Amino acid sequence: MTPRKLFRHETILALFVVVALFVLDRQSDRFFTLDNLFNQGRLMTEVGLIAIAMTFVIVTGGIDLSVGSILGLSAILLGVFWKSLGLPLPAAIGLALVVGTLAGLLNGLIITRFRVPPLIATLGTLALYRGIAEGVSQARSVRGYPDGFYVLGQGEVWGVPTQLWIFGLAAVVAAVVLGYTTWGRATYAVGSNEVAARFSGLGVDGTKIAIYAASGFAAATAAVIFVSRVSTTRSDMGTGIELDAITAVVLGGTSIFGGRGTVVGTLLGLVLIQALKNGLSLAGVKSDGTVVLIGAVLILTILVSNLFHRNANR
Amino acid sequence: MTGAADPARRARPSALARFVSAYGQEIVIACAIVGLFVVVSAINPRFLGANNLNTIVSGNAYIAVAAIGMSMIIVTGNIDVSVGALIGVLATISGTLAVSGYPVWVAWIAPLFIGAAINGVVGTLVAYGRLPSIVVTLGMLSILRGGLVSFTGGAWINNLPPAFQIAQARWSGIPAPIWFMVILTVAAFLWMRHTAFGRSLYAIGGNAEAARAAGIPVERRIVQVFMIHGTVAGMATMLFATQLRVIQSTVPPNLELTVITASVIGGVSILGGTGTVIGSTLAAVLFAAIGSAMIFVNVSAYWLRAVIGLLILVTVLVDMARRNREFRSAR
Amino acid sequence: MLRTSLAAVAALSLSTGLASAQSAWTGGDDLPTSPLACDGAAAAAEAKPYDGGEPTDAPDRTGKPISVVDVPKLIGIGYFDATSKGMSEAAGEMGTIEATTDGPVEAKIDDQITVIDNYITKGVDGILFAANDPVAIAPVLKKALGAGINVVGYDANSEPDARQWFVNQAEFNGIGKAMIEAMVAEIGEDGAFAIVTSTFTTPNQARWISEMEAYAAQCHPEMTWLETVEAQEDNILSFNQANTLINKYGDELQGIFGMTSVATPASADAVTQAGQCGNIAVVGLATPNAMKPYVESDCVKSVVLWNPVDLGYAAAYVLRAAADQTLKPGDTSVEASRLGELQVINGSEILLGDPFIFTKDNIGDFDF
């Protein structure tokens, strides 16, 4: 894909985002305030982190449906490590991140060693990880974390919500890796034509395992931020977040068949969805209406973008 | 093929071996079902009771029926994540018609057409708009889910007329859902294997360009198969909406995942091109049986989902091991 | 292949081996219980100091029209449809409240938080809520209080300092007692029963089950709890689970508790379709409309609930009173029009009343 074609979708999307922001701003004067924008950024971080990792996954032609369950599992284990095992909080957090990464690693192994298609593999681990979360937690929540912990999800650093710094850092790192490193090029290669990539000597399996592990890590990080934001853990946390993330990634121009996509596109997709969810509500549209509109926007955006890409392969 | 060095080794495998390799996944699932029943009824003989078998099969027949349509979609290399929302919407329409005084057969038949229409739109976007099916159905999922709540305002539908409850009927002593499930599965299976239309679906899933070159009208087929899937979803709705005397106005949670899992575990390859509806029906029955078995065996309710997830993964791994072994030995 | 299969079987056996029936009732939480006395009237609730939150710098809303948003656990359930109806009735009577109901389309706490957050930004005067999780919802509610918004909860509480008042439909132990007594009346002192609930993480249901367990242990120790099954908020699943219970226990099962307005009608339908009306009692929480067919056919004798329409009605009045400052911390009762005077209990809770029992005689009077 030449850069010109790559930019086409992102440009259209950026245009949509600008139009949407403009329209929503006209509907309510509370929309375009710094306070509100920061707040939306805060709410967007968890899906955002997962979506950024999901971009890599989908670019390789795969998919990861288990991220929501990994989020739930990491959240529960954070509580268990801290409360039941009595570990100091930083250690508990670190361990929860490790478990999430391992869960992603397991996904990668199932997909590469056993050659199970990613959809099926992650469908199975979706149920398994969620089930482990339920079993371990016995449906109890863990609450009462030390106050310092809440700075992560509810506090600010230099006037900007804490998690936005993390999100911003992740976005920059991901964009650089995907766009400018050999590693990123390997990702595109695997997605465009896996057989050719393998014959070119690229470590296809290694790349994939690393990407799914990163997806697990992102979900675990999102879990820690989420727990900090709502000050409790529940075993049903993150249910359905995988579809939100996939929506953002696909909206951002990443092809579900692999080989095409950028982190910038995903970010634009995230912004558009969050802006709609917030702006529509401020304009007086209720939740059910918002849900319908987001669905329609998804279809329309991809349709319009496709019309500009008549000769693009499916 | 290279020249046969040893005629005996190159001899054609027996008919039985061919049958086993062609229907391997279906056989694995059937064995799993039998194995499950044997083990669980040894622990608690009531598992084999007629009432329980009825609960397992009839109560979940709507999933098997929905999986028939889903299997067809997946065979062509597409997917539909909105089927749960679609069934929810169709059930509400069906119930509303029934309590508004329309004859019950109208309430039964209307979802078939509406389902076809809605999915016809989806199919057109996929085929002619060249949008990936996961994207379109993701969008449609949101539209249907939100639309359903907007339309009903959250109110349930009560006072369904008794004549509406087709799922509770019994014909020749066998509950209607089982008839639906068996007849539709057999019909779909024969149709997919033995008609040009059906076989073209496998062709499209295997390699769409080759199918197109062979003269198959790929776009038209895709629209048609989505419409058929919508109609089948309508039939699933008939079973779903008429089981109880009230219809919920929310989308049944996780229905699409269950249906997709049933199709996929049943052997329909997500890469398109292989698998049968018999597999998906057997898989749906297997899941229903597992759910019931967990209760009979006293699996701690907190670990229920973990065990089911493990079972899914194990089935998948065993199947992949089998396919990989076949692939290697077929060289 | 053989090795994989053997490993699979081993893993499965190991995992199912994790199962063993719990000695405590499954589905309850581990918070302390306070069962009521076995006979006689409910004990009077003792006075506690006010422990609710306070809005910061709330503008003076006395007598002025206010806009209020109601955020239930989810929309699409008949129960919250009924509470919403009660609020509209109250709004209509008062004429000074504009009430909208908006909530997530699924019972998810993250979605609920987002909805509330949006309305804070939009600038409403009052928020009514029924929480999906008492702790998780606290931060966003405190934010609302910080913005000067009046916050009143109903049906499902949050942490006390995150809201001003909570309208409690009935005390948890009152529900526990009513349910157990209704079941004992039908199946006797030594009956065996099972429970169909939504999920184990739903706080209200978990509390009720714990209170039921404590009350039964205290007053009817001969009763046998068999099992609790989850059925989400899906009525077909509830139906199938109830059927499985009937099939598994056969004659041993004498009663089924339905813990949600989804589970109870589905369980009643299962009992009806299995031809076990009269053999298996169904007692549970449900809305009257859904239960009418079963009560009229005598399959279900009594339905325990409170009146959700009244609950919404009361919540709206409480919010108005809080906004007008006619209800202040330390008050012991509040006036709620057609409901009369409601008592303040537990510091910042307002009690709707005793659980209401719907029977064949009165169920026809209600339409929700």
Side-chain angles (χ1 to χ4, degrees), chain B residues 35 44 46-47 49 51-56 59-60 62 145-146 148-149 152-156 158-160 168 240 243-255 288 291-307 310-311 313-315 317-318 320-322 325, chain C residues 1 3-5 7-9 11-12 15-16 18-22 26-27 72 74-78 80-81 84 101 103 105-106 200 227-230 232-241 243-250 261-262 265-266 268-270 272-274 287 289-290 292-294:
Chain B
N44 188 337
R46 286 214 194 96
F47 192 65
N51 285 334
N52 198 39
L53 293 178
N54 186 36
T55 301
I56 291 176
N60 293 291
Y62 73 100
R145 180 181 289 174
L148 180 60
V149 173
T152 61
W156 286 5
N158 297 307
N159 295 325
L160 295 167
Q168 298 179 25
F240 174 77
Q243 187 73 15
L244 304 177
R245 278 193 246 185
V246 30
I247 296 180
Q248 258 179 306
S249 59
T250 47
V251 169
N254 294 325
L255 181 55
S292 181
M294 294 292 110
I295 293 184
F296 272 79
V297 168
N298 283 327
V299 169
S300 159
Y302 296 122
W303 287 101
L304 196 68
R305 200 174 302 193
V307 172
L310 194 61
L311 277 166
L313 269 179
V314 159
T315 316
L317 289 176
V318 165
M320 288 318 289
R322 181 184 60 84
R325 197 177 67 120
Chain C
M1 170 82 180
R3 255 183 303 155
T4 323
S5 310
V9 172
L12 287 171
S15 56
T16 41
L18 288 173
S20 52
Q22 318 275 313
T26 314
L74 77 161
I75 38 185
I77 293 282
F80 288 115
D81 207 40
S84 182
T101 302
V105 294
E106 289 176 280
F200 297 135
E227 186 161 353
T228 311
V229 291
E230 266 189 329
Q232 324 276 325
E233 295 280 345
D234 181 348
N235 59 358
I236 298 269
L237 183 59
S238 308
F239 175 75
N240 284 339
Q241 295 285 62
N243 264 328
T244 307
L245 289 173
I246 296 174
N247 297 332
K248 175 179 177 185
Y249 291 104
S261 54
V262 172
D269 215 311
T272 310
Q273 287 189 35
T287 50
N289 274 354
K292 270 180 192 158
Y294 313 108

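Quick note on labels: first sequence line is chain A, next is B, and so on, each numbered from 1. The structure presented is a predicted model; accordingly, all values stated were derived computationally and were not measured.
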* Asked: Heavy-atom distance under 4.5 Å between the side chains of B/Asn298 and C/Lys248, does that happen here?
  -> yes
* Taking atom NZ of C/Lys292 and atom CG of C/Asn289, what is their separation to the nearest 0.5 Å? -> 4.0 Å
* Side chain from CB out, backbone as N, CA, C, O: work out which of these in C/Phe80 comes under 4.5 Å of a heavy atom of chain B, or both, or neither. => neither
* Structure fact -> Honestly, the part of B/Asn51 sitting under 4.5 Å from a heavy atom of chain C is both
* Asked: For the candidates B/Gln243, B/Arg46, B/Gln168, which exhibits the highest count of non-hydrogen atom pairs separated by less than 4.5 Å from chain C?
  -> B/Arg46
* Distance in Å, C/Ile75 CD1 paired with C/Thr101 OG1, rounded so as to fall on 0.5 Å steps -> 8.5 Å
* To do: Identify which of B/Leu244, B/Leu255, B/Val149 forms the greatest number of heavy-atom pairs closer than 4.5 Å to chain C.
  => B/Leu244
* **Residue among C/Asn243, C/Leu237, C/Ile236 with most heavy-atom pairs under 4.5 Å to chain B** => C/Ile236
* Asked: Any side-chain heavy atom of C/Leu245 sitting closer than 4.5 Å to one from C/Val229?
  -> yes
* Examine whether an atom of B/Asn52 lies under 4.5 Å from a heavy atom of chain C, and if so say whether it belongs to the side chain, the backbone or both; otherwise answer neither. => both
* **Part of C/Asn235 within contact of chain B (heavy atom distance under 4.5 Å)** => both
* Structure fact -> If one checks every heavy atom of C/Asn247 against chain B at 4.5 Å, the contacting part turns out to be both
* Rounded distance [0.5 Å steps], OG1 in C/Thr244 versus CD1 in B/Ile56 -> 7.0 Å
* Structure fact -> Whatever's closer than 4.5 Å to a heavy atom in chain B on C/Thr272 counts as side chain
* So which of B/Phe47, B/Tyr62, B/Phe240, B/Phe296 has the largest heavy-atom pair count under 4.5 angstrom toward chain C? -> B/Phe296
* Asked: So which of C/Pro265, C/Gly250, C/Ser84 has the biggest tally of heavy-atom pairs under 4.5 Å with chain B?
  -> C/Gly250
